[in-house]
Amino acid sequence: MVMDAKAATPEFFSATLPQNPGRIPVGRKTLLIPEMNRIASHLVAATFRGFGVTARVLGTYQGLDLGKEYTSGKECFPCQITLGDILYFMEKEKEGLGAAFDPAQYAYFLPESDGPCRFGLYSKFQRIVLDTLPGLQQLKITSVTTKDGYLPEGMIGPDKVLDLRKVAYFSFVVSDILDRLLWRIRPYEKEVGMADAFIEKAMETMEHAFERFALHKEFDRILDRLQQILQGGKEVVNPAIPPKPLVGVVGEIYLRMHSHANQNLIRMLEKYGAEVVNASMTEWVNYVSYDGLRGAKAEFLLYLKQCRFRPMIGYLKGMLAFGLDLLYQEHTQNKVYKRIHKIMDLPEDHKISHLEHILNEDDLYSFDIATEACLSIASIIACARAGYNGMVNVYPFTCMPSTTTAAIVKPYMNRLGIPYLDAPYDSSIQPGREAALRTFMYQAEQHFKHHGRTKSASPH
Ligand code: SF4
């Protein structure tokens, strides 16, 4: 039976709904946020609204046909999805607004990233496509590089930019916790549908909290509500259901987070008996800062050796900026997890320095090569050592860093005797996929029977 959302809603939800955040200005440019991770996108949009920016989350996956129409087939799957999302949105706005439709009134947020990866070219490619379509030349793409820490330009006063970045990061941490709460309670829910309905209402509550409290960085007030939600989440769990095999998911961030794109991988694993922990959003943000710090340090040392002081000072500043970012991020994350652990022992992220240490120990891969392979390979090893019963590497078909991960990790996991599955996706439905997941879950179940599971993440 699928429970209706109201029935699963504890009373505190309605008590926390704000009357009207009252800060959303009318008639200004609207910031469009693509939906990669559903909860994170909504909380980031709420954060922007809290700072007075009109922000909306783009609906996703309905425009996939358009995304395919304007790509050649050689692009990564997330590029097709994000392009389809913005084209579909514009088409629908045009239909709805008629003559009043003005593409110049929107800015589309699409972060960039450096490195040997096609992701850095998404915004340039999508700019070319938009420029070929009548009227869409005026639609601005707000794309900034990872060097700028994903900072949207021009829509917020310079005096508020740092605060906005701090709250946006905090919103990622909170969204990770809501996701982890869902994956913790759903396999043990009292009635089918109860956990999903609970988390949907929880997301709304947190959106309202960010709209109200973001501007003055009232983190404690947001955390008060988060603690109430965690407490309410315990009520969803049926304590009579015994613990299940614990499966970790790593891989390319978009596919890991976007449930349409990965054809509801987590739900499918749960259907065959798993409790799942997916790698987080914040892990990637921390990695960006860590990698920036690492790169600036390497350049600094190089110029120091050559006694070239002018460029050296530039890199010293870079080290300071990235170092302070990372320090702030890790401190914020620790603070939040410390508070929520009073209520539930949801798993924390690995520190990025720890992940680099793992890779160096076994000489499997180097952070010098960069990309998400650094995170995926090291996380798989960390989870295997921590007692997970199986690991899944999910990624877009042809994704370069994830294919590298697969090549390195598969023999390693074979030697350890821990079930491992590569799960590449594009928009097609692979006939053998469900059978592969079922077989993988059978192996994870056997591993669980013989070895038990990590004690640090207990459902009850
Ligand atoms: S990480 Fe993979 S999917 Fe993402 S841009 Fe790079 S190759 Fe494409």
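Start at 1 and go down the list; that is how both ligands and their atoms are numbered. All figures in this text were calculated on a predicted structure; none of them were measured in a lab.
Side-chain N or O atoms of K140 include none that pairs as donor or acceptor with a backbone N or O of Y106 at under 3.5 Å.
Within ligand 1, the atoms closer than 4.0 Å to a non-hydrogen atom of M400 are 7 (S), numbered from 1 in the order shown. Contact atoms of ligand 1 toward P396: 3 (S) (distance under 4.0 Å to a heavy atom of the residue).
Contacts between Y122 and ligand 1, counted as non-hydrogen atom pairs separated by less than 4.0 Å, involve the side chain only. Of the heavy atoms in P401, only side-chain atoms (C-beta onward) come closer than 4.0 Å to ligand 1.
When only modelled atom types and interatomic distance are considered, Q329 and S289 share a side-chain donor-acceptor pair under 3.5 Å. At a cut-off of 3.5 Å, with distance as the only test, a side-chain donor of E356 or Y290 sits close to an acceptor on the other residue. With no hydrogens or angles considered, a side-chain donor-acceptor pair links Y188 and E275 at under 3.5 Å. The closest side-chain donor-acceptor pair between N37 and D179 falls under 3.5 angstrom.
Not one N/O/S atom of C76, from backbone or side chain, sits under 2.8 Å from atom 2 (Fe) of ligand 1.
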